[in-house]
Chemist: 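This is the structure I want to talk about, given as structure tokens.
Chain identifiers are assigned alphabetically (A, B, ...) following the order of the sequence lines, protein sequences preceding nucleic acid strands; residue numbering begins at 1 within each chain.
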Amino acid sequence: MAEPVLASPHAESKRPFLTEQRRSRFTAYTFISPFFILFSIFGLYPIFFTFYLSFFKWDALGPMKYVGFKNYDLITSDPTFWISFSNTLIMGLMGTVPQVFLALLLAVLLHSGMTRFKKTFRILYFMPNITSIVAVTLVFSTLFGNNGMINWLLGGIGVESMAFNSGWWGVKIAISTMVMWRWTGYNAILFLSGLQSIPMDLYESARIDGANRRQQLFSITLPLLKPFIIFVTLQSTIGALQLFTEPYVFLGQSGTGSTRQEGITMVTYLYSEAFRNGFFGTAAATAVLLFLVTILFSVLNMLISRSGSRETGGKKA
Amino acid sequence: MSTLRMFRKKPDDLGFFGKLGFYCLLILGALVSIFPFYWMFVVGTNDKGAVFHVPPLLTVGDQFFDNFKRVLEKSDFFQALGNSLFVSSMVTISVVFFCTLAGYAFAKYEFPGKNMLFVFVIATLIVPQQLGVLPTYVIMAKLHWIDSFKALIVPAMVNAFGIFWMRQYISAAVPTELIEAGRIDGGGHFRIFWKIAVPVITPAMATLGILNFMTVWNDFFWPLVVLKNKEHYTIQIALQQLFTTRDGLDYGMIMSATFTATLPLLVVFLLFSRWVIAGLTSGAIKS
């Protein structure tokens with residue numbers, strides 16, 4: 001069956017049966033074409049062009065000048081780039097790891113506890129996720145203010161107050177908290193749907209064999225939940241590497257503060273290179289490096305989860 | 001099913017204190033989830049000083065309209081709200097239409113390369129949006145679309161998640177016999193889609209619409225890049241601009257604006273929570 005996709009009117013009159021098939025194929029291609037057209041213009045082409053652009057010096061207006069690997073040299077010798085790199089990793093870890101564990105805990109609690117209010121809890125846990133990041137950041141910046149509620153609470157338990165909007169760790173803690181608040185509930189609900197997909201008779205036969213609650217958790221629940229854990233970790237990792245809005249808004253309160261070193265991320269660096277300084281070449285090089293880091297971490301994620309399953313039956317997230 | 005499960009669990013029941021602990025943790029989690037919403041409202045309805053009151057003020061005040069008046073002085077709040085409403089609605093209508101069409105084709109048509117193309121659609125889901133932002137910006141500049149809503153609407157008119165979501169639903173919900181019957185009756189392809197398929201799948205279309213509306217409404221990065229003039233700001237940019245004004249941060253004002261901007265989505269979510277949650281968590285099913 002190697003006929004062309006387009007049905008010509010000529011063929012139509014000759015072989016009506018084939019025409020029907022061709023027409024239906026043509027219809028299908030037409031129906032799916034908007035996505036492929038838009039994606040090639042605003043998705044695929046930009047990705048390739050980013051790679052190309054990273055070898056040129058360009059301010060987005062004048063002529064492009066080929067500079068080879070100079071953009072990469074420039075950014076890798078810029079200390080700010082490395083700060084943005086390490087900030088992204090640190091905040092990624094601080095936001096993602098506790099979040100996955102907390103989400104797991106909440107999901108297990110929701111699953112095994114009272115079934116009656118599960119729906120209500122689901123809705124409540126989900127509410128942070130539908131809030132815009134800007135709104136989340138604004139609310140948390142009041143809580144994390146110098147005289148804000150978090151410092152008051154810390155004082156209450158005898159901990160010295162922290163400079164959450166200027167300290168090296170303070171900023172990172174504040175931003176990771178915002179990320180966690182917005183995503184923990186979402187991930188808990190994901191895990192919950194994973195838990196609900198585990199057949200109950202597995203637990204029953206385990207109980208008959210005399211397995212206690214803890215053993216059931218580690219040898220049935222967690223291994224069977226593994227695909228969900230991998231998915232959530234991967235999604236959170238990729239999300240963490242794209243971190244932009246929280247630090248941009250949180251540190252932007254004093255004007256251009258969003259590139260302050262305590263909270264600059266790779267995307268913030270990219271943004272300010274391109275749209276503040278007009279260096280599209282170095283910004284493109286940053287995008288390429290960010291892309292490579294994203295791939296690296298996704299692969300790493302896969303490898304860790306695979307080896308983890310071999311040794312411990314997928315105990316680790 | 002659920003009561004049955006509770007019964008079966010009896011043998012190693014947690015006991016009263018175990019249950020109490022479970023409840024406490026769950027309720028604590030729920031409180032942490034909803035407190036910031038309440039706090040938004042508390043700060044937004046009290047005067048400037050309330051936000052850093054010691055001990056923290058937890059009661060709703062009566063300054064909301066005073067605070068909100070200052071929002072209107074400092075920004076074109078309702079203009080921004082209107083802009084967001086316009087952009088989100090346009091994108092949503094378009095996304096629902098094109099994704100349903102494409103999902104329908106992937107679910108109910110046979111054509112060469114179908115599986116490969118569908119895998120491709122799914123694969124595009126993992127490509128981070130920020131990666132292509134520079135060239136997309138350049139395209140917009142070439143088209144003279146910078147600072148226009150077209151830059152926000154056109155690239156978002158159809159998306160991979162929507163196609164995936166609609167295909168899954170249509171495969172299950174629309175009987176192929178129905179479509180074949182329509183075809184035997186001589187209905188055109190689009191007519192069959194419109195008259196036979198669409199009426200059956202409106203719930204999925206509505207869910208996609210709500211989800212998409214929320215995503216566009218909440219988007220910040222891309223509007224920040226392409227919008228330049230105050231009168232074109234979406235609500236998220238307008239909110240962020242309020243925060244940048246540097247004459248001693250007026251949190252009463254900021255929170256009254258934030259609350260007003262968050263409320264519509266919150267209401268929509270609470271009304272359609274079951275669908276929204278199902279839609280937003282469906283991403284995991286494919287993995």
Chemist: For the interface with chain B, which of A/Leu124, A/Ile130, A/Thr245 has the highest count of heavy-atom pairs at distances below 4.5 Å?
Modeler: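 If we count pairs closer than 4.5 Å to chain B, A/Ile130 comes out on top.
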
Chemist: Are A/Arg276 and A/Tyr248 in a cation-pi contact, defined as NZ or CZ under 6.0 Å from the six-membered ring centre and within 45° of the axis?
Modeler: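 Judged by the rule, A/Arg276 and A/Tyr248 form no cation-pi pair.
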
Chemist: Output the option from B/Tyr104, B/Tyr137, B/Phe98 having the highest count of non-hydrogen pairs under 4.5 Å with chain A.
Modeler: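 The residue among B/Tyr104, B/Tyr137, B/Phe98 with the greatest pair count is B/Tyr137.
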
Chemist: Can you sort out the partners of A/Trp181 under ring-ring contact (aromatic ring centres under 6.0 Å, His included), two or more places apart, ordered by chain and number?
Modeler: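 For A/Trp181, the residues satisfying ring-ring contact (aromatic ring centres under 6.0 Å, His included) (neighbours in sequence not counted) are A/Phe140, B/Phe37.
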
Chemist: For this output row, return yes or no: ring centroids of B/His189 and A/Phe31 closer than 6.0 angstrom.
Modeler: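 No; A/Phe31 has its ring centre 6.0 Å or more from that of B/His189.
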
Chemist: Looking only at heavy atoms and a cut-off of under 4.5 Å, which of A/Leu138, A/Thr50, A/Thr137 has the most pairs with chain B?
Modeler: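 Answer, by heavy-atom pair count under 4.5 Å with chain B: A/Leu138.
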
Chemist: Do you know which of B/Ile139, B/Thr262, B/Leu31, B/Ile235 has the most heavy-atom pairs with chain A at a distance under 4.5 angstrom?
Modeler: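 Of the options given, most contacts go to B/Ile139.
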
Chemist: Any idea which of B/Ile254, B/Val121, B/Ile34, B/Thr100 has the most non-hydrogen atom pairs under 4.5 angstrom with chain A?
Modeler: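 Counting heavy-atom pairs under 4.5 Å, the top option is B/Val121.
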
Chemist: Select one option (side chain, backbone, both, neither) describing which atoms of A/Phe35 are under 4.5 Å from chain B's heavy atoms.
Modeler: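 Contact with chain B is through both the backbone and side chain of A/Phe35.
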
Chemist: Can you list every side chain to side chain donor-acceptor pair (under 3.5 Å) pair that touches residues 124-136 of chain A, not counting sequence neighbours?
Modeler: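 Only A/Ser132-B/Gln236 qualify under side chain to side chain donor-acceptor pair (under 3.5 Å).
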
Chemist: Centres of the A/Phe228 and A/Phe191 rings: under 6.0 Å?
Modeler: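 Between A/Phe191 and A/Phe228, which both carry aromatic rings, the centre distance is not below 6.0 Å.
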
Chemist: Would you mind telling me which of B/Ala105, B/Gly132, B/Pro56, B/Ala102 has the largest number of heavy-atom pairs within less than 4.5 Å of chain A?
Modeler: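 Top count of heavy-atom pairs under 4.5 Å with chain A: B/Pro56.
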
